[in-house]
Amino acid sequence: MNTIVIIGIIIFIIYIFLHIRFLYKINPNYDILQSKNPNKENFEKIMNQKSPSIFTDIGKDWNIKEINKKNINKYFVYYLCPLLIKSKYDIKTINNDHKEKLTMENNNRHLILQLKGKSKFYLFNPEQSKYLYVKKNKSEVDYWNQDLKKYPLLNKSQFIEIIIHENQMIYIPKKWWYTYESIDKGHLIDCNSESLFSYFLG
């Protein structure tokens, strides 16, 4: 076999190995990263740290009334993961009493942009799973109606609270648990994206 071909195969295997290693990397630290509308290079550097992150001044110049599922990609493509193979958007109008159920993040890149209003997020790192009564990657706990007699370990869980304001976007790392409640009526864009590797290997 040609030496160049062998070297090419070795480089390709190393490339695949590094991507798989990165894909399964978990950062349990509660450090919150923050950046003001970063350029693409800095945005990806922050994403690579796999920490909860807040980005400010996002969508400041967007016309909310014009955004819909047909044209959302042109607004959001900048924030999708490299080697993109799949993306999904959900444009939500939420009332001031809206509460999401406690969920484990299974997507490679999950971003939630607060276009209008405020929301309060509660994030649990992957190590808290032992307190959240998890079965088949789902928590049995109703976070908003806690039954501590039935689920006493919930009291031991540690989490961070983050309030997201208008034109702020939060990144929720993979394998973290999260829930949120609206502080007032608002509009959100919920975006998930998968890379070639995360889609087939994640």
Side-chain angles (χ1 to χ4, degrees), residues 21-35 46-56 58 79 81 88-194 198-199 201-202:
R21 188 177 175 187
F22 171 75
L23 187 64
Y24 289 101
K25 175 185 170 186
I26 300 292
N27 183 353
N29 296 327
Y30 280 120
D31 301 327
I32 303 170
L33 306 181
Q34 186 166 332
S35 181
I46 293 170
M47 291 288 97
N48 289 343
Q49 294 183 57
K50 299 209 171 185
S51 286
S53 305
I54 307 297
F55 302 95
T56 60
I58 308 296
Y79 305 107
C81 58
K88 182 182 177 184
Y89 300 99
D90 195 1
I91 303 169
K92 299 179 178 178
T93 299
I94 55 176
N95 295 319
N96 56 7
D97 59 349
H98 179 82
K99 291 177 172 64
E100 286 284 316
K101 67 178 182 179
L102 186 62
T103 303
M104 185 175 76
E105 184 53 62
N106 285 313
N107 295 284
N108 177 48
R109 182 172 292 183
H110 187 189
L111 301 165
I112 299 177
L113 170 61
Q114 187 87 36
L115 280 175
K116 192 175 181 182
K118 286 183 288 190
S119 298
K120 188 174 187 179
F121 284 76
Y122 303 80
L123 271 63
F124 302 74
N125 73 20
E127 295 173 351
Q128 306 309 305
S129 293
K130 58 192 173 188
Y131 305 122
L132 301 178
Y133 298 88
V134 178
K135 284 187 179 178
K136 296 181 179 178
N137 291 332
K138 292 184 178 180
S139 173
E140 295 182 338
V141 173
D142 180 349
Y143 185 79
W144 302 106
N145 295 287
Q146 296 180 15
D147 185 344
L148 295 178
K149 287 183 180 179
K150 189 175 181 180
Y151 305 115
L153 292 179
L154 185 60
N155 259 340
K156 294 185 177 182
S157 66
Q158 297 179 342
F159 57 90
I160 51 174
E161 298 179 13
I162 306 171
I163 294 178
I164 301 298
H165 297 262
E166 197 166 305
N167 301 121
Q168 292 185 341
M169 182 168 69
I170 185 170
Y171 161 64
I172 302 168
K174 191 167 185 174
K175 300 301 179 184
W176 281 58
W177 292 86
Y178 73 96
T179 181
Y180 66 88
E181 60 180 327
S182 55
I183 295 175
D184 48 24
K185 187 175 180 178
H187 300 286
L188 298 173
I189 295 178
D190 194 311
C191 175
N192 294 303
S193 59
E194 299 291 343
S198 70
Y199 183 76
L201 302 172

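The model shown is predicted, which means the values in this text are computed figures rather than measured ones.
Here the closest heavy-atom approach between residue Thr93 and residue His187 is recorded as OG1-ND1, 3.0 Å. Pairing each heavy atom of Tyr89 with each of Ile189, the nearest pair is CD2-CG2, 4.5 Å. The two residues Pro173 and Pro52 make their nearest non-hydrogen contact at CG-N, 3.6 Å. Across Glu166 and Leu115, no two heavy atoms sit closer than the pair CG-O, 3.0 Å. Phe124 and Leu102 get closest at one heavy-atom pair: CE1-CD1, 3.7 Å.
With values rounded to the nearest 0.5 angstrom, Tyr122 atom OH is found 11.5 Å from Ile162 atom CD1. Interatomic distance, OG of Ser198 versus CZ of Arg109, reported as 9.5 Å (0.5 Å rounding). Rounded to the nearest 0.5 Å, atoms CD1 (Ile94) and OG (Ser182) are 4.5 Å apart. Here the straight-line distance linking atom CD1 of Ile112 with atom CG of Asp190 works out to 4.5 Å at 0.5 Å rounding. In this structure, CD1 in Ile164 is found 10.0 Å from CE in Met169, a value given to the nearest 0.5 Å. For the atom pair CD of Glu181 and NZ of Lys120, the computed distance is 6.0 Å after rounding to the nearest 0.5 Å.
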Let's go through Glu100 and Tyr143 carefully: what are the C-alpha distance in whole Å and the side-chain angles of both, what is the deciding distance for side chain to side chain contact (heavy atoms under 4.5 Å, CB included) to 0.1 Å, and is it a yes or a no? CA-CA 9 Å; Glu100 286 284 316; Tyr143 185 79; over 6 Å; no
Could you walk me through whether Ile163 and His165 pass the side chain to side chain contact (heavy atoms under 4.5 Å, CB included) check? CA-CA 6 Å; Ile163 294 178; His165 297 262; 3.6 Å; yes
Trace of the side chain to side chain contact (heavy atoms under 4.5 Å, CB included) decision for Ser119 with Ile170: CA-CA 11 Å; Ser119 298; Ile170 185 170; over 6 Å; no
Does the pair Thr179 and Lys99 meet the rule for a side chain to side chain contact (heavy atoms under 4.5 Å, CB included), with working shown? CA-CA 8 Å; Thr179 181; Lys99 291 177 172 64; 5.9 Å; no
Set out, in order, the CA-CA distance, both residues' side-chain angles and the distance that settles side chain to side chain donor-acceptor pair (under 3.5 Å) for Asn192 and Glu194, then state yes or no. CA-CA 7 Å; Asn192 294 303; Glu194 299 291 343; over 6 Å; no
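Results of the side-chain hydrogen bond (donor to acceptor under 3.5 Å, both in side chains) test with Glu105 over Asn107, Thr103, Asn108 single out Asn107 as the only residue that passes.
Judged purely by atom type and a 3.5 angstrom limit, Asn125 uses its side chain to pair as donor or acceptor with the backbone of Glu127. In terms of modelled atom types and a separation under 3.5 Å, the side chain of Tyr131 and the main chain of Gln158 share no donor-acceptor contact. Within the 3.5 Å criterion, the main-chain N or O of Ile58 finds a donor-acceptor partner in the side chain of Asn167. Under a 3.5 Å cut-off, the side chain of Ser139 and the backbone N or O of Leu132 do form a donor-acceptor pair. Under the 3.5 Å distance criterion, the side-chain polar atoms of Gln34 are left unmatched by any main-chain donor or acceptor of Ile54. Although no hydrogens or angles enter the test, the distance criterion places a donor-acceptor pair under 3.5 Å between the side chain of Asp147 and the main chain of Lys150.
Between Leu111 and Tyr171, some side-chain heavy-atom pair lies under the 4.5 Å cut-off. Residues Gln168 and Leu113 are not in side-chain contact: their nearest non-hydrogen atoms beyond the backbone lie 4.5 Å or more apart. Looking at Lys138 and Met104, their side chains never come closer than 4.5 Å, going by heavy atoms from C-beta outward.
Remark: Ser51 pairs with Asn27, Leu33 by the side-chain contact (heavy atoms from CB on, under 4.5 Å) rule, at least two apart or across chains.
Relative ring orientation between Tyr180 and His98 is described as tilted, the plane-to-plane angle lying within the 30° to 60° band.
Counting heavy-atom neighbours within 6.0 Å of Lys92 NZ, excluding the residue itself, gives a total above 12.
Side chain to side chain, Ser157 and Gln128 fail the donor-acceptor criterion of an N or O pair below 3.5 Å.
If you look at Trp176 and Tyr30, their ring centroids are closer than 6.0 Å.
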